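Excluded from the calculations below are hydrogen atoms, water molecules and symmetry mates; all remaining heavy atoms, backbone and side chain alike, are included. All of these numbers come straight from a predicted model, not from anything done at the bench.
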Amino acid sequence: MKVAKFFFFRVTLIVLNLVGFTIGSVQAQSQAPAVDDTLAHQRNVFKALENMLAKPNSDEYKRLRAQLQGYPLEPYIEQITLKTYPYLANQDKIDAFLRTHEGSPLDRPLRYKWLTYLKKKNQADLFMQYFRPTANVELTCQYLTYQMADPKNHDEVFKHASELWVVGKSQPNECDPVFDAWTKAGFRTNERVLKRLALAGNGGSHTLLPYLKTLLPKEQQYLADLWLQVRRAPNYVSNLSKFPKKYPELELEIIEYGLGRLIWRDEDLAIKTWQATLKKFDVAQSNQYELAGKFAVALAISEHKNADEWLEKASYEKADEQLYRWHLAHVLKSGDWQHALEVIEQMPEKSSSGLSAKYWQARALEKVNAMDSANQNYQWLAQQRHYYGFLASGKLAQPPTIVDKPLEFDQQALSTIANMDAAKRAYEFLQLGRYLSARREWLHLQSQLDQQQKLVSAVLADSWGWHDRAIYGFSNTGYLDDIKRRFPMAYRNELVNHSEANQVDPAWAFAIARRESSFMADANSSAGAKGLMQLLPGTARYLAKKQIKTSVLFDPDTNAGYGTQYLRYLMDKMDNNPVLATASYNAGWRRVQKWIPKDQSVPMDVWIETIPYKETRNYVKAVLAYHQIYAAQLGKNSPLFNELATMQLGGQTL
């Protein structure tokens with residue numbers, strides 16, 4: 001294997017669905033409250049009071065509480081006190097507080113404590129008075145239980161009970177009284193049991209299946225056994241003798257579910273089983289199209305010998321965007337450019353008119369020597385603020401188009417939002433370093449704003465240095481032209497200094513941080529990645545060659561140090577190829593090495609387009625795109641798009 005070498009100091013590939021970026025022509029003045037002695041003092045008082053809530057009647061507590069008057073977070077002291085003492089004796093205070101702050105982050109924690117207390121005391125009337133629709137199933141079922149006391153409510157109660165029962169998981173014990181009454185009223189029909197069985201089998205909780213089996217008529221109980229067997233081992237569907245056609249439609253649902261998983265484990269067995277299924281069962285045409293599409297995508301990704309056949313068949317029968325994307329990717333990987341033009345021609349209008357199709361059409365036209373048509377596409381694409389537009393710019397050896405359209409906004413509108421209670425509370429939590437509480441208040445603020453105000457609030461967040469809220473705000477409103485706010489130079493000293501120390505391009509480090517956390521220093525992923533550059537603690541320990549506390553990864557300087565060190569490590573592993581190193585940051589370098597073609601070389605843009613994992617494919621495009629933007633902001637110019645036009649990966653470099 002020979003991998004094209006190039007250094008990231010010369011590199012900026014732009015990828016992902018970047019549709020533009022802008023910055024406001026009216027520069028936002030900082031809308032942060034003036035940090036006077038009173039406000040600074042109140043912050044300290046707030047923290048002191050939090051530690052004294054066990055003695056709310058003490059003289060010291062009352063003295064400090066008086067000093068908190070007018071402070072934006074003062075209601076949180078009252079909330080915490082009422083949460084600590086959610087007793088009937090405090091009903092008037094709780095009632096007044098909930099009325100004042102209904103629907104806000106101040107409401108929900110207290111209301112939960114209050115309802116839990118009322119449930120414990122069996123205060124049915126008060127519970128129903130204070131209950132509000134919630135995602136909490138326990139409280140919802142308790143509410144429905146109280147509602148059942150009045151027969152006039154039964155229709156509505158049983159309607160909600162049906163929705164709560166027909167799910168693919170077990171529900172809490174609080175729901176049992178409602179479900180018992182619902183069952184006695186005849187609502188637990190066989191149809192609903194079968195529907196819940198399918199939900200539990202197809203991605204739900206498999207531990208629910210034995211229970212649901214007991215609710216089925218004896219002649220249908222085998223269906224629960226089939227779901228359980230196929231859930232445990234998808235290849236169980238290959239033994240079609242276990243599917244007796246007593247209830248063919250229900251059996252087919254299980255078979256199709258199992259085959260949808262089996263195709264990723266044993267392609268040949270899945271194909272063979274499906275062909276046998278078509279002989280044994282009368283399968284609806286729509287179901288055949290659906291499964292053919294799943295098979296085609298899986299076979300294309302695994303590069304199975306029958307992928308072409310299934311892609312052609314499925315594309316003809318089912319105009320699915322993902323299917324056509326993989327059909328085109330498969331053809332691109334094979335280097336059949338004429339066929340690529342035919343696939344693009346067959347695409348539904350929505351797909352064929354997209355920038356991706358336009359770019360690959362241009363590439364194919366170039367390869368079949370239709371240069372005039374190819375250049376027409378390239379010229380049009382090069383004007384677009386998009387990954388494929390940047391690729392086209394590279395093909396034309398011209399600078400990419402990045403249009404900066406400053407955002408115009410009214411300064412008074414900015415001040416109005418900054419002075420809203422939720423905004424002031426969010427700001428104070430931000431100053432206290434309590435980012436989760438700050439974000440809760442910010443989300444509540446968004447619920448009170450119209451679309452234009454939401455956009456202005458993103459400017460407000462940026463003026464506070466709250467970059468992740470600014471980034472999400474522009475994205476959610478669809479305004480993508482504010483470059484410097486959407487791509488801020490956040491934590492500049494930390495990222496630049498550590499990048500230079502570890503000999504990686506600072507623009508790359510900025511791009512990684514932007515993609516990983518949107519500069520959210522306290523980011524904590526479900527996989528356990530931490531902080532600015534979303535490092536796994538194990539990775540940090542490996543780099544440090546010593547035990548380190550996980551908490552240190554939430555320090556931006558420490559995180560940037562380990563993050564840029566890891567980028568250097570990946571560059572060394574990947575022969576100084578930043579595209580492969582970027583993919584490795586997301587998917588792991590060992591997996592990426594498996595994706596590099598061994599027997600032939602492929603153009604780098606084709607390799608990126610055919611990365612098997614959607615998450616990694618989009619990640620690479622995003623990071624390289626962001627790198628281009630940050631390189632420009634750092635005053636650097638990179639020729640990578642020009643290099644990418646001829647760059648090859650794998651096999652022997654051409």
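Side-chain N or O atoms of Arg325 include none that pairs as donor or acceptor with a backbone N or O of Glu321 at under 3.5 Å. Under a 3.5 Å cut-off, the side chain of Asn476 and the backbone N or O of Tyr472 do form a donor-acceptor pair. Formation of a donor-acceptor pair under 3.5 Å by the Asn577 side chain with backbone atoms of Val579 is found in this model. Put simply, the side chain of Ser517 gets close to the backbone of Phe519: a donor and an acceptor are under 3.5 Å apart. In terms of modelled atom types and a separation under 3.5 Å, the side chain of Thr616 and the main chain of Pro612 share no donor-acceptor contact. Side chain of Gln534 to backbone of Gly531: a donor-acceptor contact under 3.5 angstrom is found. Between the side chain of Thr539 and the backbone N or O of Leu535 there is no donor-acceptor pair closer than 3.5 Å. For the pair Lys598 (side chain) and Ile596 (backbone), a donor-acceptor distance under 3.5 Å is present.
Within the structure, the salt bridge (Lys or Arg N to Asp or Glu O under 4.0 Å) test picks out no pair touching residues 188-200 (sequence neighbours left out). Within the structure, the salt bridge (Lys or Arg N to Asp or Glu O under 4.0 Å) test picks out no pair touching residues 237-248 (sequence neighbours left out).
Summarising the geometry of Ala340 relative to Val331, their closest heavy-atom pair is N-CG1, 3.4 Å, with the distance given to 0.1 Å. Smallest separation of non-hydrogen atoms from Gln648 and Pro603: OE1-N, 3.4 Å. For Pro400 against Gln628, the heavy-atom pair with the smallest separation is CG-NE2, 3.6 Å. Scanning both residues, Ala382 and Leu396, for their nearest heavy atoms gives CB-CD1, 4.0 Å. The minimum heavy-atom distance linking Leu365 with Ser373 is given by the pair CD1-CB, 3.8 Å. Of all the heavy atoms in Gly650 and Ser601, the pair that sits closest is O-CB, 2.9 Å.
Contact check for Arg385 versus Ile402: no side-chain heavy atoms found under the 4.5 Å cut-off. Thr582 places none of its side-chain heavy atoms less than 4.5 Å from the side chain of Leu570. In this structure, the side chains of Asn377 and Tyr359 stay at 4.5 Å or more apart for every pair of heavy atoms. Side-chain contact check for Arg469 versus Gln446: every heavy-atom pair is 4.5 Å or farther apart. Proximity of Gln338 to Lys367: side-chain heavy atoms (C-beta onward) are nowhere separated by under 4.5 Å. Using a 4.5 Å cut-off on side-chain heavy atoms (C-beta onward), Lys333 and Glu609 make no contact. Residues Thr564 and Arg568 are not in side-chain contact: their nearest non-hydrogen atoms beyond the backbone lie 4.5 Å or more apart. Using a 4.5 Å heavy-atom cutoff, the side chains of Glu516 and Tyr619 are in contact.
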Task: side-chain hydrogen bond (donor to acceptor under 3.5 Å, both in side chains) between Asn239 and Ser241, intermediate numbers included - done: CA-CA 5 Å; Asn239 191 351; Ser241 64; 2.5 Å; yes

Open item on the list: Would Tyr378 and Lys358 count as a side-chain hydrogen bond (donor to acceptor under 3.5 Å, both in side chains) here? Give the steps.
Closed with: CA-CA 8 Å; Tyr378 285 143; Lys358 290 288 186 186; over 6 Å; no

Open item on the list: Go through it in stages, so that I can follow the logic: the residues are Ile255 and Phe281, the test is side-chain contact (heavy atoms from CB on, under 4.5 Å), and I'd like the CA-CA distance, side-chain angles, deciding distance and then a yes or no.
Closed with: CA-CA 11 Å; Ile255 292 171; Phe281 290 86; 3.7 Å; yes

- [ ] Determine, stepwise, if the pair Tyr236 / Arg231 fulfils side-chain hydrogen bond (donor to acceptor under 3.5 Å, both in side chains).
- [x] CA-CA 9 Å; Tyr236 190 83; Arg231 178 68 179 268; over 6 Å; no

TODO: Would you check, one step at a time, whether the test side-chain contact (heavy atoms from CB on, under 4.5 Å) holds for Gln285 with Gln288?
DONE: CA-CA 5 Å; Gln285 202 70 33; Gln288 293 188 40; 4.1 Å; yes

Task: Audit row: Phe510, Tyr626, side-chain contact (heavy atoms from CB on, under 4.5 Å) steps and yes/no - done: CA-CA 8 Å; Phe510 274 105; Tyr626 299 169; over 6 Å; no

TODO: Applying side-chain hydrogen bond (donor to acceptor under 3.5 Å, both in side chains), run through Tyr257 and Arg261 and close with a yes or a no.
DONE: CA-CA 7 Å; Tyr257 162 75; Arg261 292 178 60 201; 3.1 Å; yes

TODO: Please test Trp310 against Val297 for side-chain contact (heavy atoms from CB on, under 4.5 Å), starting from the C-alpha separation and ending with a verdict.
DONE: CA-CA 9 Å; Trp310 281 87; Val297 170; over 6 Å; no

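Distance check, rounded to the nearest 0.5 Å: CH2 of Trp227 to CG of Leu250 gives 9.5 Å. In this structure, CG in Leu223 is found 9.5 Å from CZ in Phe243, a value given to the nearest 0.5 Å. Taking CG of Leu299 as the reference point, atom CG of Leu311 lies at 7.5 Å (rounded to 0.5 Å). Residue Phe390 holds its CZ atom at 14.0 Å from NZ of Lys621, rounded to the nearest 0.5 Å. To the nearest 0.5 Å, the span separating CD1 on Ile611 from CG on Asn618 amounts to 9.0 Å. Taken from CG in Leu341 to CH2 in Trp360, the straight-line distance is 12.5 Å, to the nearest 0.5 Å.
Ring geometry, Trp607 versus Trp595: the interplanar angle falls from 30° to 60°, so the pair is classed tilted.
For Gln451, the CD atom counts as densely surrounded, since its 6.0 Å shell holds more than 12 non-hydrogen atoms of other residues, nucleotides or ligands. Within a 6.0 Å radius of CD in Glu163, other residues, nucleotides and ligands contribute more than 12 heavy atoms. Counted within 6.0 Å of OH on Tyr211, heavy atoms from surrounding residues, nucleotides or ligands total more than 12; the atom is thus considered enclosed. Around CD of Glu249, the count of heavy atoms belonging to other residues, nucleotides or ligands within 6.0 Å does not exceed 12.
Donor-acceptor pairing under 3.5 Å is lacking for the side chains of His327 and Gln346. Side chains of Tyr630 and Arg514: a donor-acceptor N/O pair is absent below 3.5 angstrom, by distance only.
Centroid-to-centroid, the aromatic rings of Tyr585 and Tyr566 come within less than 6.0 Å. Taking the ring centroids of His339 and His330, they lie at or beyond the 6.0 Å cut-off.
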Just distance, no hydrogens or angles: give the donor-acceptor pairs under 3.5 Å from side chains in residues 264-272, sequence neighbours left out.
{"residue": "Asp266", "atom": "OD1", "partner": "Leu269", "partner atom": "N", "Å": "3.1"}
{"residue": "Glu267", "atom": "OE2", "partner": "Ser302", "partner atom": "OG", "Å": "3.0"}
{"residue": "Asp268", "atom": "OD1", "partner": "His304", "partner atom": "NE2", "Å": "2.7"}

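Between Glu256 and Lys294 no salt bridge is recorded (no basic side-chain N to carboxylate O distance below 4.0 Å).
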